[in-house]
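Working notes for the structure below.
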Amino acid sequence: MSDTPRRTAAITAVGAYLPEDRLTNADLEAMVDTNDEWIRTRTGIRERRILRDPDKATAFMATEAARQCLERRGLAAEDVDLIIVGTVTPDMHFPASANLVLGATKAWGFDLSAACSGFLFALTTAARMVEAGSARNALVIGADTMSRIIDYTDRTTCVLFGDGAGAVLLEPNTEGLGVLDAVHYTDGSGADSLSQPAGGSLRPPTHETIDARLHYAQQDGRTVFKRAVVGMADAAAEIMERNGLTADDVRYLVPHQANLRIIDATARRMGLSEDKVMLNIERYGNTTAATLPLCLWDWESELKRGDNLVLAAFGGGFTWGATHLKWAYDGTGEGGTQNAEGAPE
Ligand SMILES: CC(C)(COP(=O)(O)OP(=O)(O)OC[C@H]1O[C@@H](n2cnc3c(N)ncnc32)[C@H](O)[C@@H]1OP(=O)(O)O)[C@@H](O)C(=O)NCCC(=O)NCCS
């Protein structure tokens, strides 16, 4: 047996970007046949952020989040080895948005398409690279400009989503902190339940696909809801069991923010009380790949070195999973609260 401590990859900084423009439930009432009460009780959402500037998109938000993350760690873009962007709304199909982040010419990287599980899958991928010594560090970014693929005449989807980006920096650790374990799953039978049907190689954009509104995200909400409740709760329970974690051991559940009822079901299955669940869906809606890093950013000042976090997500595709993370530093107080009314006390 070697005495060399296991090398893990730990989060050493967080950053985020949220567009200033807010789309409230009252705004949506004026756009489609819906109401504030329905949206709040069925989803938990009150408002979302929207990136209005037509010349800016996902790479812009990812860059802003990454810049804040690096500034907090005192690093420059040239210091970064690897950049992975979880997104389903890249600026273009190619080049990858990861290529456009920060103009970081010393880094390589790629976009990872796993919908709402994009950040979770990217975190595991980057962590393995850092553990293996293939990268000195890595920026893991979740960024989505959902407003560009949402049909604002479809009340079943337009009330759910918002825009935003979050970033974390991963660096090697030999003290048992960082990304310790992860379980991930995909099931392509979910492709018809939540997708952006046209615009890819199967249905390239034509006048017909545009007229049929197939370039917008479409979902069968009920099917996704049922699968999400089971998928997120199962994955969270599995990661706890595999790592011998009881509810008392877990400081926070960091759940994908798609629907408050899905999050509640996951927390119940884990035996966690409300105060152990990160929640910001009320303020940002579902920002797809950005929800998990936005939670970490909002709660950063609350986190202490050694805290056990369970991250859990479910997304289109279907994709889902959970990660056990030991937080590596005491919160700096620079968390997201400066930009987030109603953030944790
Ligand atoms: C979308 C979602 C909020 C809908 O909630 P729900 O409780 O399942 O509601 P249903 O789809 O059963 O619809 C109930 C009724 O509300 C109506 N409705 C749907 N959207 C509405 C809206 N925005 N405002 C008012 N009524 C609405 C439906 O038309 C339906 O009416 P009907 O009973 O007359 O047919 C829910 O299914 C959900 O969150 N699904 C998962 C979404 C998700 O997580 N997506 C991202 C991937 S992680």
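Counting convention: from 1, in listed order, for ligands and their atoms alike. Everything quoted here is computed from the prediction, not taken from an experiment.
In terms of protein heavy-atom proximity, atom 48 (S) of ligand 1 is closest to Phe314 O, 3.1 Å. For atom 15 (C) of ligand 1, the closest non-hydrogen atom on the protein side is Trp38 NE1, 4.4 Å. Annotation: atom 47 (C) of ligand 1 to nearest protein heavy atom, Leu194 CD2, 3.4 Å. With hydrogens left out, the protein atom closest to atom 22 (C) of ligand 1 is Thr34 OG1, 3.3 Å, a heavy atom.
In this structure, atom 34 (O) of ligand 1 has no protein heavy-atom contact shorter than 4.0 Å. The nearest protein heavy atom to atom 41 (C) of ligand 1 is closer than 4.0 Å. For atom 9 (O) of ligand 1, the protein comes within 4.0 Å by at least one heavy atom.
The distance from atom CG of Asp307 to atom CG of Asp249, rounded to the nearest 0.5 Å, is 11.5 Å.
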Would you give me the side-chain donor-acceptor pairs under 3.5 Å for residues 230-239, sequence neighbours excluded?
unit_1: Asp234; atom_1: OD1; unit_2: Arg269; atom_2: NH1; d: 2.8
unit_1: Asp234; atom_1: OD1; unit_2: Arg269; atom_2: NH2; d: 3.1
unit_1: Glu238; atom_1: OE1; unit_2: Tyr185; atom_2: OH; d: 2.6
unit_1: Glu238; atom_1: OE2; unit_2: Tyr185; atom_2: OH; d: 3.1

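By the criterion of a heavy-atom distance under 4.0 Å, the side chain of Val159, and not its backbone, is placed next to ligand 1. Within the 4.0 Å heavy-atom criterion, both parts of Phe225, backbone and side chain, lie near ligand 1. With a 4.0 Å heavy-atom cut-off, ligand 1 is reached by the side chain of Asn286 but not by its N, CA, C or O. At a heavy-atom cutoff of 4.0 Å, ligand 1 is contacted by no atom of Val32, backbone or side chain.
The side chain to side chain contact (heavy atoms under 4.5 Å, CB included) test with Leu75 is passed by exactly one of Arg73, Arg72, Glu71, Glu78: Arg73.
Interface atoms of ligand 1 facing Arg261, defined by a heavy-atom separation under 4.0 Å, are 5 (O), 6 (P), 7 (O). When each atom of ligand 1 is checked for a heavy atom of Arg42 under 4.0 Å away, the hits are 6 (P), 7 (O), 9 (O), 14 (C). Counting atoms of ligand 1 from 1 in the listed order, those under 4.0 Å from a heavy atom of Ala258 are 44 (O), 48 (S). Close contacts between ligand 1 and His256 involve ligand atoms 48 (S) [criterion: under 4.0 Å to a heavy atom]. Taking every heavy atom of Thr43 and a limit of under 4.0 angstrom, the matching atoms of ligand 1 come to 3 (C).
Neither side chain, Asp220 nor Ser193, offers a donor N or O lying under 3.5 Å from an acceptor on the other. Asn25 and Arg48 share a donor-acceptor pair across their side chains, judged by distance under 3.5 Å alone. Gln218 and Thr157 form no side-chain donor-acceptor contact under 3.5 Å, judged by distance and modelled atom types alone. Side-chain contact of Asp111 with Thr87: a donor-acceptor pair under 3.5 Å is absent, judged by distance alone. Ser273 and Asp275 form a side-chain donor-acceptor contact under 3.5 Å, judged by distance and modelled atom types alone.
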Before you tell me yes or no, could you show the steps for Asp154 and Arg213 under salt bridge (charged side-chain N to carboxylate O under 4.0 Å, His left out), namely the whole-Å CA-CA distance, both residues' side-chain angles and the distance that decides it to 0.1 Å? CA-CA 10 Å; Asp154 174 7; Arg213 308 183 85 75; over 6 Å; no
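A donor-acceptor pair under 3.5 Å links the side-chain atoms of Thr8 to the main chain of Leu177, judged by distance alone.
Of the charged side-chain nitrogens involved, none lies within less than 4.0 Å of a carboxylate oxygen, so that Glu64 and Lys56 do not count as a salt-bridged pair.
Residue-to-ligand polar distances place Gly221 within reach of ligand 1: an N/O pair is separated by less than 3.5 Å. Distances between N or O atoms of Asn35 and those of ligand 1 include no value under 3.5 Å. For ligand 1, the polar-atom distance check finds an N/O of Arg222 within less than 3.5 Å of one of the ligand's N/O atoms.
Looking at residues two or more places apart in sequence or on another chain, you find a ring-ring contact (aromatic ring centres under 6.0 Å, His included) between Phe121 and His184.
When Arg155, Gln219, Gln257 are checked for heavy-atom proximity to atom 31 (O) of ligand 1, Arg155 turns out nearest.
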